[in-house]
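First the structure, in the form of C-alpha coordinates, and then the observations on it.
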Amino acid sequence: MDKETILVIDFGGQYNQLIARRVREANVYCEVLAYTRTIDEIRACRPKGIIFTGGPATVCDSDAPMCDKAIFELGVPVLGICYGAQLMSHMLGGSVKRADSREYGKMTLRLGQSRLFENMESETQCWMSHTYYVDSVPSGFSVTAETDTCPVAAFENPAQKLYAVQFHPEVNHTPRGFDMLRNFLYGICGCKGDWQMADYAANYIAQAKEKYAGKKVLCALSGGVDSSVAAVLLSRAVGKNLTCIFVDHGLLRKNEGDEVEEVFTKQFDINLIRVNCEERFLSKLANVREPEQKRRIIGEEFIRVFEDEANKIGEVDYLVQGTIYPDVVESGSGKSAKIKSHHNVGALPDVIKFKEIVEPLRMLFKDEVRALGTALGIPDNLVWRQPFPGPGLAVRVIGCITKDKLDILREADAIFREELSVAKLDRNINQYFAVITDMRSVGVMGDERTYDYTIALRAVTTTDFMTADWARIPYDVLERVSNRIVNEVPHINRIVYDITSKPPATIEWE
Ligand code: XMP
(Lines give C-alpha, C1' and ligand atoms only; values in the text may rest on other atoms or scores of the structure.)
Protein backbone atom coordinates (compact mmCIF):
# COMPACT_ATOMS: atom_id res chain seq x y z
CA MET A 1 0.00 0.00 0.00
CA ASP A 2 1.21 3.50 -0.80
CA LYS A 3 2.41 5.61 2.07
CA GLU A 4 0.21 8.67 2.53
CA THR A 5 2.37 11.61 1.52
CA ILE A 6 1.78 15.32 1.81
CA LEU A 7 4.10 17.55 -0.16
CA VAL A 8 5.03 20.92 1.25
CA ILE A 9 6.18 23.07 -1.64
CA ASP A 10 8.71 25.51 -0.30
CA PHE A 11 8.60 29.10 -1.52
CA GLY A 12 11.18 30.27 1.00
CA GLY A 13 8.85 31.10 3.88
CA GLN A 14 10.05 31.53 7.42
CA TYR A 15 7.69 28.87 8.70
CA ASN A 16 8.07 26.20 6.01
CA GLN A 17 9.57 23.58 8.33
CA LEU A 18 6.97 24.42 10.92
CA ILE A 19 4.27 23.49 8.41
CA ALA A 20 6.01 20.16 7.80
CA ARG A 21 6.29 19.63 11.50
CA ARG A 22 2.54 20.24 12.00
CA VAL A 23 1.74 17.67 9.30
CA ARG A 24 3.94 15.11 11.07
CA GLU A 25 2.32 16.09 14.34
CA ALA A 26 -0.97 15.10 12.73
CA ASN A 27 0.60 11.69 12.03
CA VAL A 28 0.90 12.18 8.30
CA TYR A 29 4.14 11.66 6.38
CA CYS A 30 5.40 14.75 4.67
CA GLU A 31 8.20 15.92 2.43
CA VAL A 32 9.37 19.45 1.79
CA LEU A 33 10.23 20.08 -1.87
CA ALA A 34 11.67 23.21 -3.46
CA TYR A 35 9.20 25.03 -5.70
CA THR A 36 11.54 24.34 -8.63
CA ARG A 37 10.71 20.63 -8.66
CA THR A 38 9.04 19.54 -11.88
CA ILE A 39 5.48 18.39 -12.18
CA ASP A 40 6.71 14.88 -13.01
CA GLU A 41 8.72 14.74 -9.79
CA ILE A 42 5.69 15.92 -7.85
CA ARG A 43 3.44 13.40 -9.55
CA ALA A 44 5.94 10.63 -8.83
CA CYS A 45 5.50 11.25 -5.09
CA ARG A 46 1.78 10.41 -5.49
CA PRO A 47 0.81 13.02 -2.92
CA LYS A 48 -2.51 12.91 -1.07
CA GLY A 49 -2.28 16.67 -0.74
CA ILE A 50 -0.02 19.62 -1.43
CA ILE A 51 0.67 22.65 0.72
CA PHE A 52 2.28 25.82 -0.63
CA THR A 53 4.28 27.70 1.99
CA GLY A 54 4.61 31.43 2.43
CA GLY A 55 7.63 33.25 1.07
CA PRO A 56 9.32 36.63 0.96
CA ALA A 57 8.69 37.32 -2.74
CA THR A 58 5.84 39.16 -4.40
CA VAL A 59 3.80 37.27 -6.99
CA CYS A 60 3.59 40.34 -9.22
CA ASP A 61 7.37 40.48 -9.71
CA SER A 62 8.66 39.12 -12.99
CA ASP A 63 11.13 36.82 -11.22
CA ALA A 64 8.67 35.62 -8.55
CA PRO A 65 8.92 31.92 -7.71
CA MET A 66 6.14 30.06 -9.46
CA CYS A 67 5.00 26.49 -9.70
CA ASP A 68 3.91 24.51 -12.71
CA LYS A 69 0.26 25.35 -13.36
CA ALA A 70 -0.37 21.67 -13.91
CA ILE A 71 -0.23 21.21 -10.12
CA PHE A 72 -3.74 22.64 -9.95
CA GLU A 73 -4.95 20.03 -12.41
CA LEU A 74 -3.61 16.95 -10.67
CA GLY A 75 -6.91 16.48 -8.87
CA VAL A 76 -4.93 16.54 -5.61
CA PRO A 77 -6.07 18.99 -2.91
CA VAL A 78 -3.86 22.06 -2.62
CA LEU A 79 -3.69 24.44 0.33
CA GLY A 80 -1.91 27.74 -0.30
CA ILE A 81 -0.63 29.64 2.71
CA CYS A 82 0.23 33.38 2.59
CA TYR A 83 2.48 33.73 -0.50
CA GLY A 84 1.12 30.33 -1.53
CA ALA A 85 -2.43 31.72 -1.39
CA GLN A 86 -1.49 34.75 -3.44
CA LEU A 87 0.27 32.53 -5.95
CA MET A 88 -2.83 30.39 -6.36
CA SER A 89 -4.96 33.47 -6.95
CA HIS A 90 -2.44 35.04 -9.34
CA MET A 91 -1.92 31.92 -11.44
CA LEU A 92 -5.60 31.08 -11.71
CA GLY A 93 -6.83 34.50 -12.79
CA GLY A 94 -7.47 36.39 -9.53
CA SER A 95 -5.62 39.56 -8.64
CA VAL A 96 -3.11 40.48 -5.99
CA LYS A 97 -2.41 44.03 -4.86
CA ARG A 98 -0.09 45.89 -2.56
CA ALA A 99 -1.75 47.18 0.62
CA ASP A 100 -1.02 50.68 1.95
CA SER A 101 0.43 49.20 5.07
CA ARG A 102 1.62 45.80 6.12
CA GLU A 103 -0.84 43.61 8.04
CA TYR A 104 1.20 42.04 10.79
CA GLY A 105 0.31 40.36 14.04
CA LYS A 106 -2.72 38.81 15.67
CA MET A 107 -6.00 39.59 13.94
CA THR A 108 -9.60 38.65 14.54
CA LEU A 109 -10.68 36.26 11.83
CA ARG A 110 -14.32 35.85 10.83
CA LEU A 111 -14.99 32.44 9.35
CA GLY A 112 -17.58 31.47 6.74
CA GLN A 113 -18.60 27.99 5.62
CA SER A 114 -15.68 25.78 4.63
CA ARG A 115 -14.54 22.23 5.21
CA LEU A 116 -11.31 23.81 6.33
CA PHE A 117 -13.15 25.47 9.22
CA GLU A 118 -15.40 22.58 10.16
CA ASN A 119 -16.36 22.45 13.85
CA MET A 120 -15.05 25.93 14.54
CA GLU A 121 -16.61 29.02 16.08
CA SER A 122 -17.41 31.84 13.64
CA GLU A 123 -14.76 34.12 15.09
CA THR A 124 -11.22 33.27 16.09
CA GLN A 125 -7.70 34.71 16.05
CA CYS A 126 -5.12 34.37 13.32
CA TRP A 127 -1.53 35.44 12.67
CA MET A 128 -0.98 37.67 9.66
CA SER A 129 2.28 38.78 8.08
CA HIS A 130 1.88 40.24 4.60
CA THR A 131 1.93 43.44 2.58
CA TYR A 132 0.33 42.14 -0.62
CA TYR A 133 -3.18 40.75 -0.50
CA VAL A 134 -5.64 38.95 -2.70
CA ASP A 135 -7.88 41.63 -4.11
CA SER A 136 -10.18 39.43 -6.16
CA VAL A 137 -10.39 35.66 -6.27
CA PRO A 138 -10.24 33.59 -9.48
CA SER A 139 -13.56 32.66 -11.07
CA GLY A 140 -15.18 29.64 -9.49
CA PHE A 141 -13.67 30.53 -6.09
CA SER A 142 -15.46 31.95 -3.07
CA VAL A 143 -14.21 33.93 -0.10
CA THR A 144 -14.48 32.01 3.17
CA ALA A 145 -12.86 34.26 5.77
CA GLU A 146 -12.01 37.90 6.40
CA THR A 147 -10.39 40.22 8.92
CA ASP A 148 -11.06 43.93 9.37
CA THR A 149 -8.11 44.78 7.17
CA CYS A 150 -8.04 41.78 4.86
CA PRO A 151 -11.26 41.13 2.94
CA VAL A 152 -9.92 37.88 1.46
CA ALA A 153 -8.35 36.06 4.39
CA ALA A 154 -9.34 32.67 2.94
CA PHE A 155 -10.81 31.48 -0.36
CA GLU A 156 -11.50 28.18 -2.04
CA ASN A 157 -12.85 26.18 -4.91
CA PRO A 158 -13.96 22.92 -3.28
CA ALA A 159 -14.95 21.32 -6.59
CA GLN A 160 -11.32 21.59 -7.70
CA LYS A 161 -10.05 20.89 -4.18
CA LEU A 162 -8.17 24.18 -4.04
CA TYR A 163 -7.98 26.07 -0.73
CA ALA A 164 -6.04 29.13 0.36
CA VAL A 165 -5.48 31.14 3.52
CA GLN A 166 -3.71 34.47 3.78
CA PHE A 167 -2.85 33.91 7.45
CA HIS A 168 -0.50 31.35 9.00
CA PRO A 169 -2.34 28.32 10.41
CA GLU A 170 0.98 26.67 11.34
CA VAL A 171 1.96 29.08 14.14
CA ASN A 172 0.71 28.99 17.72
CA HIS A 173 -0.67 32.50 17.41
CA THR A 174 -3.42 31.02 15.25
CA PRO A 175 -5.09 28.96 17.99
CA ARG A 176 -7.33 27.00 15.58
CA GLY A 177 -4.60 26.72 12.96
CA PHE A 178 -3.65 23.15 13.76
CA ASP A 179 -7.33 22.14 13.58
CA MET A 180 -7.56 23.81 10.18
CA LEU A 181 -4.54 21.87 8.97
CA ARG A 182 -6.04 18.69 10.35
CA ASN A 183 -9.29 19.45 8.54
CA PHE A 184 -7.28 19.80 5.36
CA LEU A 185 -5.34 16.59 5.90
CA TYR A 186 -8.15 14.39 7.14
CA GLY A 187 -11.35 16.00 5.85
CA ILE A 188 -10.16 17.23 2.47
CA CYS A 189 -7.17 15.04 1.53
CA GLY A 190 -8.66 11.94 3.16
CA CYS A 191 -5.51 11.04 5.09
CA LYS A 192 -5.82 8.39 7.75
CA GLY A 193 -2.97 9.59 9.93
CA ASP A 194 -1.19 6.33 10.47
CA TRP A 195 2.38 7.66 10.25
CA GLN A 196 4.60 7.61 13.31
CA MET A 197 8.13 8.59 14.26
CA ALA A 198 9.08 4.92 14.11
CA ASP A 199 8.34 5.15 10.38
CA TYR A 200 10.71 8.10 10.08
CA ALA A 201 13.40 5.97 11.68
CA ALA A 202 12.69 2.97 9.46
CA ASN A 203 12.62 5.12 6.34
CA TYR A 204 15.84 6.95 7.22
CA ILE A 205 17.64 3.74 8.12
CA ALA A 206 16.59 2.06 4.88
CA GLN A 207 17.86 4.99 2.80
CA ALA A 208 21.05 5.34 4.85
CA LYS A 209 21.78 1.63 4.45
CA GLU A 210 21.91 2.09 0.71
CA LYS A 211 23.73 5.38 0.72
CA TYR A 212 26.39 4.64 3.33
CA ALA A 213 26.90 0.91 2.79
CA GLY A 214 30.54 -0.02 3.33
CA LYS A 215 31.52 3.56 4.24
CA LYS A 216 33.32 4.74 7.33
CA VAL A 217 31.27 7.06 9.49
CA LEU A 218 32.46 9.12 12.45
CA CYS A 219 30.37 10.80 15.12
CA ALA A 220 31.25 13.18 17.95
CA LEU A 221 29.04 11.91 20.75
CA SER A 222 28.38 14.30 23.61
CA GLY A 223 25.77 12.21 25.38
CA GLY A 224 23.20 14.92 24.70
CA VAL A 225 19.88 14.06 23.08
CA ASP A 226 20.72 15.20 19.56
CA SER A 227 24.08 13.54 19.05
CA SER A 228 22.81 10.38 20.75
CA VAL A 229 19.79 10.04 18.49
CA ALA A 230 21.90 10.81 15.40
CA ALA A 231 24.45 8.18 16.44
CA VAL A 232 21.85 5.47 17.05
CA LEU A 233 20.16 6.18 13.71
CA LEU A 234 23.44 5.86 11.83
CA SER A 235 24.50 2.79 13.75
CA ARG A 236 21.27 1.10 12.71
CA ALA A 237 22.26 1.77 9.12
CA VAL A 238 25.99 1.06 9.06
CA GLY A 239 26.60 -0.96 12.24
CA LYS A 240 30.25 -1.18 13.20
CA ASN A 241 31.31 1.08 10.38
CA LEU A 242 30.22 3.88 12.67
CA THR A 243 32.70 5.01 15.28
CA CYS A 244 31.59 7.37 18.03
CA ILE A 245 34.14 9.44 19.87
CA PHE A 246 33.02 10.55 23.30
CA VAL A 247 35.33 13.12 24.83
CA ASP A 248 34.93 12.98 28.60
CA HIS A 249 36.47 16.27 29.67
CA GLY A 250 35.79 15.69 33.35
CA LEU A 251 33.22 18.46 33.34
CA LEU A 252 30.18 16.19 33.13
CA ARG A 253 27.49 15.70 35.75
CA LYS A 254 27.55 12.94 38.33
CA ASN A 255 27.85 9.47 36.70
CA GLU A 256 27.10 10.93 33.29
CA GLY A 257 30.17 9.58 31.50
CA ASP A 258 29.52 6.04 32.73
CA GLU A 259 25.85 6.23 31.84
CA VAL A 260 26.62 7.30 28.29
CA GLU A 261 29.19 4.54 27.90
CA GLU A 262 26.79 1.96 29.26
CA VAL A 263 23.95 2.88 26.91
CA PHE A 264 26.09 2.98 23.80
CA THR A 265 28.18 -0.09 24.41
CA LYS A 266 25.80 -2.39 26.29
CA GLN A 267 22.44 -1.47 24.94
CA PHE A 268 23.38 -0.52 21.39
CA ASP A 269 26.70 -2.23 20.83
CA ILE A 270 28.11 0.81 19.12
CA ASN A 271 31.80 1.25 18.42
CA LEU A 272 32.50 3.80 21.13
CA ILE A 273 35.80 5.40 21.98
CA ARG A 274 35.58 7.13 25.32
CA VAL A 275 38.50 9.46 25.83
CA ASN A 276 39.02 10.22 29.50
CA CYS A 277 40.93 13.45 29.62
CA GLU A 278 39.87 15.17 32.81
CA GLU A 279 43.42 16.04 33.80
CA ARG A 280 44.26 17.44 30.40
CA PHE A 281 41.30 19.82 30.57
CA LEU A 282 41.69 20.75 34.22
CA SER A 283 45.33 21.62 33.83
CA LYS A 284 44.52 23.88 30.89
CA LEU A 285 41.77 25.51 32.92
CA ALA A 286 43.80 26.03 36.08
CA ASN A 287 43.48 29.60 37.39
CA VAL A 288 41.19 30.66 34.56
CA ARG A 289 38.25 32.75 35.82
CA GLU A 290 36.89 34.43 32.74
CA PRO A 291 33.88 32.60 31.21
CA GLU A 292 34.72 33.22 27.58
CA GLN A 293 38.30 32.16 28.15
CA LYS A 294 37.03 28.94 29.73
CA ARG A 295 34.86 28.31 26.70
CA ARG A 296 37.70 28.99 24.31
CA ILE A 297 40.10 26.68 26.10
CA ILE A 298 37.54 23.88 26.31
CA GLY A 299 36.50 24.32 22.68
CA GLU A 300 40.08 24.22 21.45
CA GLU A 301 41.08 21.33 23.65
CA PHE A 302 38.03 19.37 22.57
CA ILE A 303 39.02 19.78 18.96
CA ARG A 304 42.59 18.68 19.69
CA VAL A 305 41.47 15.55 21.56
CA PHE A 306 38.98 14.68 18.87
CA GLU A 307 41.55 15.26 16.16
CA ASP A 308 44.08 12.98 17.90
CA GLU A 309 41.53 10.20 18.12
CA ALA A 310 40.22 10.69 14.62
CA ASN A 311 43.76 10.57 13.23
CA LYS A 312 44.14 7.12 14.73
CA ILE A 313 41.12 6.00 12.71
CA GLY A 314 42.33 7.66 9.51
CA GLU A 315 40.22 9.24 6.82
CA VAL A 316 36.49 8.65 7.09
CA ASP A 317 33.79 9.13 4.52
CA TYR A 318 31.17 10.83 6.65
CA LEU A 319 31.05 12.95 9.78
CA VAL A 320 27.73 12.79 11.63
CA GLN A 321 26.41 15.88 13.37
CA GLY A 322 23.30 16.12 15.51
CA THR A 323 22.24 19.49 14.09
CA ILE A 324 18.52 20.02 14.57
CA TYR A 325 16.26 22.51 12.85
CA PRO A 326 16.40 25.32 15.46
CA ASP A 327 20.24 25.20 15.18
CA VAL A 328 19.93 25.74 11.45
CA VAL A 329 17.67 28.74 11.97
CA GLU A 330 19.75 30.26 14.74
CA SER A 331 23.06 29.98 12.99
CA GLY A 332 21.48 31.51 9.89
CA SER A 333 20.94 34.99 11.29
CA GLY A 334 24.28 35.77 12.91
CA LYS A 335 23.46 39.44 13.35
CA SER A 336 22.88 39.69 17.07
CA ALA A 337 25.42 40.72 19.68
CA LYS A 338 27.59 37.95 21.01
CA ILE A 339 26.68 37.28 24.63
CA LYS A 340 28.28 33.84 24.87
CA SER A 341 30.06 31.68 22.33
CA HIS A 342 27.81 28.65 22.54
CA HIS A 343 28.79 26.63 19.54
CA ASN A 344 32.09 25.40 20.80
CA VAL A 345 32.35 22.34 18.59
CA GLY A 346 31.63 24.20 15.37
CA ALA A 347 35.24 23.97 14.20
CA LEU A 348 35.26 20.17 14.06
CA PRO A 349 34.74 19.90 10.29
CA ASP A 350 37.89 22.01 9.74
CA VAL A 351 40.25 19.54 11.35
CA ILE A 352 38.76 16.16 10.50
CA LYS A 353 39.33 14.52 7.16
CA PHE A 354 36.01 13.42 5.76
CA LYS A 355 34.06 13.69 2.53
CA GLU A 356 30.64 14.82 3.65
CA ILE A 357 28.69 15.86 6.72
CA VAL A 358 25.59 13.84 7.58
CA GLU A 359 22.89 15.61 9.56
CA PRO A 360 19.98 13.20 9.95
CA LEU A 361 18.03 15.48 12.31
CA ARG A 362 18.38 18.68 10.35
CA MET A 363 14.68 18.99 9.66
CA LEU A 364 13.38 17.96 13.07
CA PHE A 365 12.39 19.97 16.11
CA LYS A 366 13.55 19.07 19.60
CA ASP A 367 10.40 17.26 20.66
CA GLU A 368 10.44 15.29 17.42
CA VAL A 369 14.04 14.28 18.08
CA ARG A 370 12.93 13.04 21.49
CA ALA A 371 10.06 11.08 19.95
CA LEU A 372 12.49 9.60 17.45
CA GLY A 373 14.88 8.66 20.25
CA THR A 374 12.08 6.86 22.04
CA ALA A 375 11.09 5.10 18.82
CA LEU A 376 14.71 3.91 18.50
CA GLY A 377 14.63 2.48 22.01
CA ILE A 378 16.94 5.02 23.63
CA PRO A 379 16.20 5.10 27.36
CA ASP A 380 14.11 7.89 28.85
CA ASN A 381 16.85 9.36 30.99
CA LEU A 382 18.84 10.08 27.84
CA VAL A 383 15.96 11.06 25.61
CA TRP A 384 14.59 13.49 28.19
CA ARG A 385 17.97 14.86 29.13
CA GLN A 386 17.81 18.62 29.55
CA PRO A 387 20.15 20.77 27.50
CA PHE A 388 23.69 20.72 28.82
CA PRO A 389 26.27 23.23 27.64
CA GLY A 390 29.29 21.99 25.68
CA PRO A 391 31.72 23.43 28.28
CA GLY A 392 29.78 21.48 30.87
CA LEU A 393 30.17 22.26 34.54
CA ALA A 394 33.02 24.66 33.77
CA VAL A 395 30.45 27.42 33.34
CA ARG A 396 28.69 26.38 36.54
CA VAL A 397 31.79 26.69 38.68
CA ILE A 398 32.04 30.42 39.13
CA GLY A 399 35.62 31.63 39.16
CA CYS A 400 38.52 29.20 39.04
CA ILE A 401 37.78 25.53 38.41
CA THR A 402 39.19 22.89 40.73
CA LYS A 403 38.47 19.21 41.02
CA ASP A 404 37.15 19.79 44.55
CA LYS A 405 34.68 22.45 43.46
CA LEU A 406 33.56 20.23 40.58
CA ASP A 407 32.96 17.29 42.88
CA ILE A 408 30.97 19.39 45.34
CA LEU A 409 28.92 20.77 42.48
CA ARG A 410 28.25 17.30 41.05
CA GLU A 411 26.85 16.08 44.35
CA ALA A 412 24.65 19.13 44.92
CA ASP A 413 23.41 19.07 41.34
CA ALA A 414 22.54 15.37 41.55
CA ILE A 415 20.42 15.99 44.66
CA PHE A 416 18.60 18.88 43.02
CA ARG A 417 17.85 16.80 39.93
CA GLU A 418 16.77 13.81 41.95
CA GLU A 419 14.34 15.82 44.08
CA LEU A 420 12.79 17.51 41.05
CA SER A 421 12.32 14.13 39.49
CA VAL A 422 10.72 12.73 42.67
CA ALA A 423 8.40 15.76 42.74
CA LYS A 424 7.57 15.02 39.06
CA LEU A 425 8.61 18.52 38.05
CA ASP A 426 11.43 17.43 35.79
CA ARG A 427 9.45 17.37 32.54
CA ASN A 428 7.80 20.73 33.15
CA ILE A 429 10.92 22.65 34.02
CA ASN A 430 13.04 22.97 30.91
CA GLN A 431 16.44 23.37 32.49
CA TYR A 432 17.55 23.06 36.10
CA PHE A 433 20.94 22.72 37.71
CA ALA A 434 23.16 23.80 40.57
CA VAL A 435 25.92 26.38 40.39
CA ILE A 436 28.79 26.62 42.81
CA THR A 437 29.44 30.27 43.49
CA ASP A 438 32.84 31.72 44.16
CA MET A 439 31.66 33.01 47.51
CA ARG A 440 32.08 31.61 50.99
CA SER A 441 30.13 32.70 54.00
CA VAL A 442 29.81 31.91 57.67
CA GLY A 443 27.43 29.31 58.98
CA VAL A 444 26.99 27.14 62.01
CA MET A 445 26.76 23.37 61.96
CA GLY A 446 26.36 21.50 65.21
CA ASP A 447 28.23 23.83 67.52
CA GLU A 448 30.90 24.63 64.99
CA ARG A 449 31.46 27.71 62.92
CA THR A 450 31.70 26.92 59.21
CA TYR A 451 33.08 29.03 56.41
CA ASP A 452 31.94 27.35 53.23
CA TYR A 453 30.61 27.70 49.72
CA THR A 454 27.18 28.85 48.61
CA ILE A 455 25.30 26.78 46.06
CA ALA A 456 22.84 28.53 43.78
CA LEU A 457 19.94 26.59 42.31
CA ARG A 458 18.75 27.59 38.87
CA ALA A 459 15.56 26.33 37.23
CA VAL A 460 13.81 27.89 34.26
CA THR A 461 10.81 27.41 32.06
CA THR A 462 11.24 28.32 28.43
CA THR A 463 10.32 27.13 24.97
CA ASP A 464 13.18 28.63 23.00
CA PHE A 465 15.97 29.20 25.57
CA MET A 466 16.26 32.73 24.17
CA THR A 467 13.98 34.02 26.87
CA ALA A 468 13.18 32.20 30.08
CA ASP A 469 11.32 32.60 33.33
CA TRP A 470 12.46 31.26 36.69
CA ALA A 471 10.46 28.22 37.69
CA ARG A 472 8.01 28.51 40.57
CA ILE A 473 9.22 25.44 42.43
CA PRO A 474 7.07 24.77 45.51
CA TYR A 475 8.75 25.83 48.76
CA ASP A 476 8.58 22.36 50.26
CA VAL A 477 10.56 20.95 47.33
CA LEU A 478 13.15 23.72 47.68
CA GLU A 479 13.29 23.03 51.38
CA ARG A 480 14.02 19.34 50.83
CA VAL A 481 16.72 20.13 48.30
CA SER A 482 18.32 22.67 50.62
CA ASN A 483 18.27 20.34 53.64
CA ARG A 484 19.69 17.47 51.69
CA ILE A 485 22.49 19.44 50.10
CA VAL A 486 23.76 21.01 53.32
CA ASN A 487 23.50 17.69 55.12
CA GLU A 488 24.94 15.45 52.44
CA VAL A 489 27.51 17.58 50.66
CA PRO A 490 30.54 18.74 52.61
CA HIS A 491 31.66 22.37 52.25
CA ILE A 492 28.25 23.79 51.48
CA ASN A 493 26.54 25.82 54.18
CA ARG A 494 24.18 28.05 52.22
CA ILE A 495 21.72 27.58 49.35
CA VAL A 496 20.13 30.35 47.30
CA TYR A 497 17.48 30.13 44.59
CA ASP A 498 17.92 32.28 41.49
CA ILE A 499 14.75 34.29 40.79
CA THR A 500 15.83 36.22 37.73
CA SER A 501 14.33 35.72 34.32
CA LYS A 502 16.22 35.89 31.03
CA PRO A 503 16.66 38.69 30.15
CA PRO A 504 18.15 40.39 32.10
CA ALA A 505 20.02 37.33 33.40
CA THR A 506 21.07 34.41 31.21
CA ILE A 507 20.20 30.81 32.02
CA GLU A 508 23.75 29.75 32.85
CA TRP A 509 25.62 31.90 35.32
CA GLU A 510 28.62 32.26 33.06
P1 XMP B 1 22.24 31.17 28.25
O2 XMP B 1 23.10 30.96 29.43
O3 XMP B 1 22.93 31.92 27.14
O4 XMP B 1 21.93 29.72 27.70
O5 XMP B 1 20.92 31.80 28.61
C6 XMP B 1 20.97 29.39 26.73
C7 XMP B 1 21.08 27.90 26.49
O8 XMP B 1 22.36 27.60 25.92
C9 XMP B 1 23.11 26.73 26.76
N10 XMP B 1 24.49 27.19 26.77
C11 XMP B 1 25.47 26.61 26.05
N12 XMP B 1 25.45 25.54 25.20
N13 XMP B 1 27.78 25.80 24.84
C14 XMP B 1 26.62 25.14 24.63
O15 XMP B 1 26.64 24.15 23.88
C16 XMP B 1 27.87 26.90 25.66
O17 XMP B 1 28.93 27.47 25.83
C18 XMP B 1 26.65 27.30 26.30
N19 XMP B 1 26.35 28.31 27.17
C20 XMP B 1 25.02 28.21 27.43
C21 XMP B 1 22.47 26.86 28.13
O22 XMP B 1 22.69 25.70 28.92
C23 XMP B 1 21.02 27.08 27.77
O24 XMP B 1 20.37 25.87 27.46
Side-chain angles (χ1 to χ4, degrees), residues 220-230 246-253 256 260 281 284-285 288-303 305-306 321-331 333-334 336-349 359 361 365-367 369-370 384-398 401 406 409-410 413 416-417 420 426-437 456-471 498-510:
L221 188 72
S222 70
V225 185
D226 306 338
S227 67
S228 299
V229 173
F246 171 42
V247 177
D248 184 344
H249 47 27
L251 302 163
L252 299 172
R253 288 165 290 198
E256 198 166 23
V260 170
F281 277 83
K284 291 268 176 194
L285 288 165
V288 176
R289 308 186 65 85
E290 211 281 312
E292 280 303 276
Q293 205 187 341
K294 288 180 182 174
R295 280 193 172 78
R296 200 165 34 74
I297 291 171
I298 294 166
E300 278 171 16
E301 210 49 28
F302 176 88
I303 302 285
V305 173
F306 197 87
Q321 297 207 315
T323 321
I324 68 170
Y325 186 64
D327 302 333
V328 178
V329 176
E330 272 169 33
S331 48
S333 71
S336 41
K338 184 161 136 191
I339 312 295
K340 299 179 187 184
S341 44
H342 285 191
H343 297 288
N344 48 317
V345 297
L348 214 46
E359 295 176 313
L361 314 176
F365 290 76
K366 193 80 180 186
D367 57 332
V369 174
R370 291 208 159 103
W384 285 97
R385 180 162 287 181
Q386 43 169 325
F388 186 62
L393 299 182
V395 292
R396 295 177 183 172
V397 173
I398 308 305
I401 301 166
L406 281 168
L409 174 59
R410 271 191 268 266
D413 183 69
F416 187 33
R417 289 191 287 133
L420 285 194
D426 51 342
R427 293 226 181 154
N428 300 329
I429 299 178
N430 307 94
Q431 200 170 1
Y432 48 95
F433 51 87
V435 173
I436 182 162
T437 69
L457 303 175
R458 181 68 161 148
V460 295
T461 51
T462 173
T463 47
D464 55 12
F465 295 88
M466 310 284 277
T467 59
D469 197 7
W470 58 279
D498 182 348
I499 53 165
T500 31
S501 60
K502 171 185 179 178
T506 52
I507 296 174
E508 303 288 347
W509 273 36
E510 286 198 336

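Being a predicted model, the structure only gives us computed values, none of them experimental. In each ligand, atom 1 is the first atom listed, and ligand 1 is the first ligand listed.
- Under a 4.0 Å criterion applied to the non-hydrogen atoms of K502, ligand 1 contributes the atoms 1 (P), 3 (O), 5 (O), 6 (C).
- Within ligand 1, the atoms closer than 4.0 Å to a non-hydrogen atom of T506 are 1 (P), 2 (O), 5 (O), numbered from 1 in the order shown.
- Considering backbone and side-chain N/O of F388, none are found under 3.5 Å from N/O of ligand 1.
- Looking at Q431, R295, R458 and measuring to atom 23 (C) of ligand 1, the nearest heavy atom belongs to Q431.
- Annotation: R396 places no N or O atom under 3.5 Å from an N or O atom of ligand 1; distance criterion only.
- Of all atoms in ligand 1, numbered sequentially from 1 with element shown, those under 4.0 Å from a heavy atom of F465 are 6 (C), 24 (O).
- Between I298 and H249, the closest side-chain pair of non-hydrogen atoms falls below 4.5 Å.
- Of the possible donor and acceptor atoms, one in the side chain of R410 sits under 3.5 Å from a partner among the backbone N and O of L252.
- Applying the side-chain contact (heavy atoms from CB on, under 4.5 Å) criterion to D367, with sequence neighbours excluded, gives R21, F365.
- Donor-acceptor pairing under 3.5 Å is recorded for the side chains of D498 and W509.
- In terms of modelled atom types and a separation under 3.5 Å, the side chain of R295 and the main chain of E290 share no donor-acceptor contact.
- Each of the atoms 13 (N), 16 (C), 17 (O) of ligand 1 lies under 4.0 Å from some heavy atom of P391.
- Counting heavy atoms of neighbouring residues, nucleotides and ligands inside a 6.0 Å radius, atom NZ of K366 exceeds 12 of them.
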